[in-house]
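Taking it in order: structure first as structure tokens, then the write-up.
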2 protein chains.
Amino acid sequence: MDKALALVKGEVKRLFTDFLEKKGQRRTPERYAILDEIYSKKSHFDVDTLFIQMKNRNYQVSRATVYNTLDLLLESGLVIKHQFGQNLAQFEQAFGYKQHDHMICNVCGKVTEFCDPRISQTEIMMGELLNFEIQHHSLNLFGNPKVDENGICLNCDNVVST
Amino acid sequence: MDKALALVKGEVKRLFTDFLEKKGQRRTPERYAILDEIYSKKSHFDVDTLFIQMKNRNYQVSRATVYNTLDLLLESGLVIKHQFGQNLAQFEQAFGYKQHDHMICNVCGKVTEFCDPRISQTEIMMGELLNFEIQHHSLNLFGNPKVDENGICLNCDNVVST
DNA sequence: GTAACTGCAAACACTTTGCAAAGGA
DNA sequence: TCCTTTGCAAAGTGTTTGCAGTTAC
């Protein structure tokens, strides 16, 4: 485990501890294990993936606990929830990331992050116009990947029949 | 029923007929009834609302048929599907509307439409940058409504405890 | 007439809940 | 010790599917 990752994990753990204390919630090993697992790799994940990942590492938690803990992590702002597809919520780490949006591949479902400051201008303007105090936004672009002359996707390297 | 609405309904029906014919699908009364119901009122709706609405009008259709028909309407481009919340897909008419995005009220869940041309610039730029041919996007703003001095929401007129 | 469509109910997938047992504070 | 949290399994919720009967063509 590299140093930067260790630092992030430490900080995130501290923040979570503070949060639990303030809420009068218990600091259980399960909760920390889930937090640690989430911050062990950088990418989007869904509940089941996380659950199975932990099983594979021989850390026994129930799905219910995963859901429960994710709620706490969402509330504490350490994790962000997305709803890209139909019925599979996706999550991602929130700490150490700047605001970003998502490009979702129509072919393989892969999620790529991007950033465009113009969105926050839209936020501000529409908040004014519509009488809302904007809390957050979600911008998802959906599209087909460009492929090279052999039909290889320029993004995921898979063969794509377009 | 006003004239404009009648015109839209006629046109939409024609488009749907063309689509069904091209796909070799049958033109069943159920399908037209569902299309008609959807275009009878301007707003977002979910499957169950639509289903119950039709029941109330004494038009008997099964949920399965509603789902099936919505798929066809989506494919034909006459209806658009959104996933604002957790697990309740919302739909809206697509014909006669220009591209727009959505502002969702954190308090009452009400959906307001808005339009900002800057989004399409983001689409174009990110498509270039990430090697995608953007098909569509979805931008949702979430926020709390501004209230007047009496705590009345400026948007929905309900009392809001902020 | 016949293949596609409908209605119904059962199956599904993801998420939440109820309850007894475990374990932080 | 006490009350929150956990694990499990059962219940929920929105959606899809299988199948027998119906119907558009």
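The distance from atom CG of A/L88 to atom P of C/dT15 is 6 Å, rounded to the nearest whole Å. Atoms CE (B/M54) and P (C/dT6) sit 11 Å apart, rounded to a whole Å. For the pair A/D71 CG and C/dT16 P, the interatomic distance rounds to 6 Å; values are reported in whole Å. For B/L20 and C/dC5, the CG to P distance is 9 Å, given to the nearest whole Å. C/dA9 atom P lies 11 Å from atom CZ of B/F51, rounded to whole Å. A/K81 has its NZ atom 10 Å from the C1' atom of C/dC14, to the nearest Å. Atoms CD (B/Q83) and P (C/dC14) sit 13 Å apart, rounded to a whole Å. The OH-C1' distance, from B/Y67 to C/dC5, rounds to 18 Å in whole Å.
Distances shorter than 4.0 Å separate none of the side-chain N or O atoms of A/Q60 from OP1 or OP2 on C/dA22. Taking 4.0 angstrom as the limit, B/Q25 places a side-chain polar atom (N or O) nearer than this to OP1 or OP2 of C/dC5.
Along DNA chain C, the nucleotide nearest to B/R31 and the one nearest to B/K55 differ in position, and the one closer to the 5' end is contacted by B/R31. Place A/T65 and B/V47 on DNA chain D by their nearest nucleotides, and A/T65 ends up nearer the 5' end.
Between the side chains of A/Q90 and A/H44, not a single donor N or O lies within less than 3.5 Å of an accepting N or O.
A 4.0 Å heavy-atom criterion places the boundary nucleotides of DNA chain D facing chain A at D/dC3 to D/dC8, written 5' to 3'.
Judged by distance alone, the side chain of B/D2 and the main-chain N or O of B/A4 form a donor-acceptor pair under 3.5 Å. Panel note: side chain B/Y59, backbone B/E37; no donor-acceptor pair is recorded below 3.5 Å. The backbone N or O of A/K41 lies less than 3.5 Å from a partner atom in the side chain of A/Q93, making a donor-acceptor pair. When atom types are taken as modelled, the side chain of A/Q135 and the backbone of B/N144 share no donor-acceptor pair closer than 3.5 angstrom.
Ionic pairing of A/R63 and A/D48 is present here: one or more N-O contacts between side-chain nitrogen and carboxylate oxygen are shorter than 4.0 angstrom.
Checked by distance alone, B/R26 brings a side-chain donor or acceptor within 3.5 Å of a matching partner on the base of C/dA3.
When heavy atoms are screened at a 4.0 angstrom cut-off, B/N68 is found touching the sugar-phosphate backbone but no base atom.
For B/R118, the CZ atom is densely surrounded, since the number of other residues' heavy atoms within 6.0 Å is greater than 12.
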